[in-house]
Each structure stands twice: as structure tokens, then as C-alpha cells.
Enquirer: 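Next up is a structure, given as C-alpha cells.
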Amino acid sequence: AVLWVVMSPFWGRRSDVWGRKPVILLGLTGFGISTGGFGILLVLGQQGVMPLMTLYVMMIFVRAIFGLLGSGTPSAAQAYVADRTSRAERTSGVAAIGAAFGMGTIMGPGFAAVLASFHLIAPFFALAIFALGGAVTIAIFLPERRGPKEMRSQMPRLKISDPRIRPFLFMGVAVSMIQAAVMQVAAFFVMDTLLLDGAQTAQLVGGGMMSMAMATLFAQLVVIPRANLSVRSLLTWGIGINVIGVALLLIPMSAGVFIFALTLQGFGMGLMRPAVAAGGSLAVTPDEQGAIAGLNSSTAAVGIIFVPVVAMPLYLILPTGPFWIAFFLSIAMLLLTRSKALDVLETPIDVEEVEEETLSRVTRP
């Protein structure tokens with residue numbers, strides 16, 4: 001996760017120079033090598049080929065390849081979508097990328113469970129083959145909008161302090177913290193408050209997470225493409241729904257309330273995440289799309305890093321403490337939607353610009 005945060009902006013800027021396709025391919029190849037390598041190390045560990053500590057260090061190293069190279073794919077993919085969508089289409093396009101990741105979240109555990117029934121380590125090798133096969137398919141069939149020769153010789157430098165993107169980076173970090181706080185604490189919270197055993201907890205939390213993921217997909221695949229709302233409106237609705245979902249975790253708990261709370265949060269996240277990404281994309285120039293996509297991808301991993309060292313110790317003192325953090329972050333985001341910093345998102349869309357962009361996309365090779 002640390003490497004993901006550090007490297008995502010780098011690969012996003014690189015995609016502005018090299019083109020989107022090479023960075024997407026590099027990221028997928030890195031993921032395939034990392035996942036397959038991890039499976040090989042697990043086989044060696046089962047056979048007792050090397051000392052445990054040596055194996056552990058090598059597992060960390062091979063997993064780091066994913067953060068080092070794999071972080072390039074989401075950044076370049078979002079920038080690719082930005083290249084091929086008008087301002088009017090940007091939010092729906094980014095939502096489709098988010099929905100693709102959401103579908104992976106839902107299908108991945110079932111896919112792995114089926115393969116694990118044949119061999120416990122089979123999912124690692126299957127995913128590696130799947131990723132490398134996907135890279136080959138993309139290399140053959142995915143058209144690149146611009147070749148690297150048409151790119152600027154210098155990578156665009158989009159600073160974190162740039163006032164155009166500061167609100168969206170803050171909200172990206174906040175969304176990551178909120179989601180990580182809820183997901184990492186949920187099982188412990190249910191077990192401790194409802195006094196359930198391990199099997200009961202797994203069943204309830206699994207159902208809640210599935211409902212959360214389905215609500216996210218519904219928001220991204222159905223609501224956003226049809227609602228045709230502005231980025232600010234999507235943020236306001238998404239954050240407001242998420243506030244209610246988090247608040248439900250602060251009241252006396254039951255199984256029904258828990259699942260309903262996660263469902264609301266999933267729906268709110270499904271509106272918020274694409275809105276944050278699209279807002280950042282709309283706030284910068286075409287030459288900075290890779291840079292903003294990299295920064296946005298970077299924020300997604302912040303919660304994974306900080307929640308274990310911030311929210312989990314707080315949980316030992318106050319079980320609802322992590323949810324209070326999520327609640328106050330949500331309120332801060334809701335207030336930020338009223339900020340003048342987001343006024344750029346209310347700028348009327350130039351119909352002639354949309355028609356010109358659409359025509360240029362249709363006539364591209």
C-alpha cells in the first residue's frame with residue numbers, strides 16, 4: 001500500500017508522456033508476476049525449502065512488485081477514459097472504471113473459492129495467468145489515442161498543493177479512510193457487540209459486505225449513467241447517504257441494522273468515488289489527466305496504511321471510535337461540497353466543445 005501511494009502519481013505522469021497503453025500493460029504484467037511469484041513462494045514454503053524468515057522477506061519483496069508496477073494500471077486506465085470522454089461524459093466513464101473494480105471485488109472471492117477447492121494455492125497462479133493473458137489481449141486490441149511522440153517531452157508536474165485539485169485529494173483520502181475504517185473494524189465490532197462466534201460473524205459480515213458491494217455497483221452502473229447529475233450533486237447525495245449509513249453504526253446494533261448500514265454506505269461510496277475522480281479530472285487540463293489520475297489512485301490506498309495504526313488502537317478504547325472518525329470525515333466532506341473551490345464543476349458545458357470532442361473520438365483510428 002505504501003508503494004501504491006508513492007508510485008501511482010509517478011505512473012500517472014508517465015502515462016502522459018509514454019501514452020496510456022504502455023503503462024496499463026506494465027501494471028498488468030507487474031501484477032501477474034507479483035501474484036504468480038507469491039504462489040511459487042507459498043509452494044516453496046509448504047515444502048520447507050527455505051527458512052521461514054527468509055521466505056517471509058521474499059514474500060514481502062514479491063508482493064511489493066504489485067505496489068511498484070501494478071499501481072500504474074488504474075492511473076493509466078482512468079486517464080485513458082478521460083482522453084476518450086467529453087466533460088459531459090466524464091463522470092459516467094469514470095464510474096464504469098469503478099464498477100469494473102467493484103465487480104472484481106464481488107467475483108474475486110467466489111472465483112478464488114472455486115479454485116481453492118482443487119488446490120489452496122491455485123487461485124494465485126490462475127490470477128497470474130488471467131492478468132498476463134489480459135495484458136496480451138490489451139496489447140493486441142486496445143487502440144491508443146495518442147502515440148508517445150505526440151506527448152510533451154517533459155512530464156506534467158501537478159502539485160498536491162494545486163488549489164484546483166486540493167478539495168478532491170482531501171475527499172479521496174477521506175473516502176479511503178472511511179471505507180477502510182468500516183471494513184477493517186466491522187468483523188471485530190459485530191463479534192464484540194452482538195456476542196457472535198467466528199462462524200456467525202463471518203456469515204453476517206460476509207452478507208453485509210456483499211450487500212455493500214452490490215449497492216456500489218447499482219450506484220455506478222445504473223444510477224450515475226441515468227441520473228445525469230453534476231459532480232457536486234453526486235458528491236452531496238453520496239456523502240449524505242454515507243453519513244446516514246455510518247450514523248447507524250453508532251446506535252444500538254442488530255444484524256438487520258448492520259447490513260442496512262453497510263448497504264447505505266456502499267450506495268454512498270458508489271456515488272462519491274466516481275464523483276471525486278471525475279471532479280479532479282474536470283478541474284485540470286487534458287495534458288494533466290494522467291497526473292490527476294495517478295494522484296487520485298494514490299489516495300485510495302491511504303486508508304489501508306493509516307487505519308491499522310490510528311483506528312484500531314482507538315477501537316480498543318472505544319469500539320465505536322473508528323466509526324466516529326468516519327462520521328466526522330463525512331461531515332467535513334459534506335461541508336466542503338458547499339465550498340467555492342468546487343464552483344468550477346458548475347461551469348456550464350459548452351455544447352460545441354462536446355460535439356467537437358465526440359466527432360474527434362469517432363474519427364480517431
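Heavy atoms only: backbone and side chains are in, while hydrogens, waters and symmetry mates are out. The first residue in the sequence is number 1, and the count goes up from there.
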Enquirer: I292 vs F168, test: side-chain contact (heavy atoms from CB on, under 4.5 Å). Steps then yes/no.
Expert: CA-CA 10 Å; I292 186 60; F168 304 107; 5.9 Å; no
Enquirer: Assess the side chains of T337 and R232: does a donor N or O sit below 3.5 Å from an acceptor N or O?
Expert: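 Result is no, nothing qualifies.
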Enquirer: Counting only N and O atoms by type, is there a donor-acceptor contact under 3.5 Å from the side chain of S75 to the main-chain atoms of S297?
Expert: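 No, the answer is negative, given that no donor and acceptor are paired below the 3.5 Å cut-off.
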Enquirer: Measure from the side-chain N and O atoms of R20 to the backbone N and O of A76, and report whether any donor-acceptor pair falls under 3.5 Å.
Expert: no
Enquirer: Distance-only, no hydrogens or angles: does the Q289 side chain make a donor-acceptor pair with backbone N or O of S281 under 3.5 Å?
Expert: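 Looks like yes, one N/O pair under 3.5 Å.
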Enquirer: For a side-chain contact (heavy atoms from CB on, under 4.5 Å) check, start with the C-alpha distance between L204 and L194, then their side-chain angles and the critical distance, and finish with the verdict.
Expert: CA-CA 11 Å; L204 178 58; L194 299 183; 3.8 Å; yes
Enquirer: Does T320 form a side-chain contact (heavy atoms from CB on, under 4.5 Å) with L249? I'd like the steps, not just the answer.
Expert: CA-CA 8 Å; T320 56; L249 296 175; over 6 Å; no
Enquirer: Could you list all the ring-ring contact (aromatic ring centres under 6.0 Å, His included) pairs where at least one residue sits in residues 243-291, not counting sequence neighbours?
Expert: none
Enquirer: V205 and M191: side-chain contact (heavy atoms from CB on, under 4.5 Å), yes or no, with the steps?
Expert: CA-CA 10 Å; V205 174; M191 182 177 286; over 6 Å; no
Enquirer: Under 4.5 Å between side-chain heavy atoms, chaining through other members, with only Ile, Leu, Val, Met, Phe, Trp and Tyr counted: pull out the rest of the cluster around F66, sorted by chain and number.
Expert: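 Answer for F66: W4, F31.
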Enquirer: Is a side-chain N or O of S92 found less than 3.5 angstrom from the main chain of E89, in a donor-acceptor match?
Expert: no
Enquirer: Is it the case that more than 12 heavy atoms not belonging to L316 sit under 6.0 Å from its CG atom?
Expert: yes
Enquirer: Sequence neighbours left out, what pairs pass side-chain hydrogen bond (donor to acceptor under 3.5 Å, both in side chains) with at least one residue falling in residues 192-203?
Expert: D192-Y315
Enquirer: List the residues meeting side-chain hydrogen bond (donor to acceptor under 3.5 Å, both in side chains) with S330, not counting sequence neighbours, and say none if there are none.
Expert: N242
Enquirer: Please go through F141's hydrophobic cluster and name the other residues, only I, L, V, M, F, W, Y counting, with side-chain heavy atoms under 4.5 Å joining them.
Expert: V136, I140
Enquirer: Just to verify, what does T263 make a side-chain hydrogen bond (donor to acceptor under 3.5 Å, both in side chains) with, not counting sequence neighbours?
Expert: S211
Enquirer: Judged by atom type as modelled, is there a donor-acceptor pair below 3.5 Å linking the side chain of S117 to the main-chain atoms of V114?
Expert: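 It does hold such a pair.
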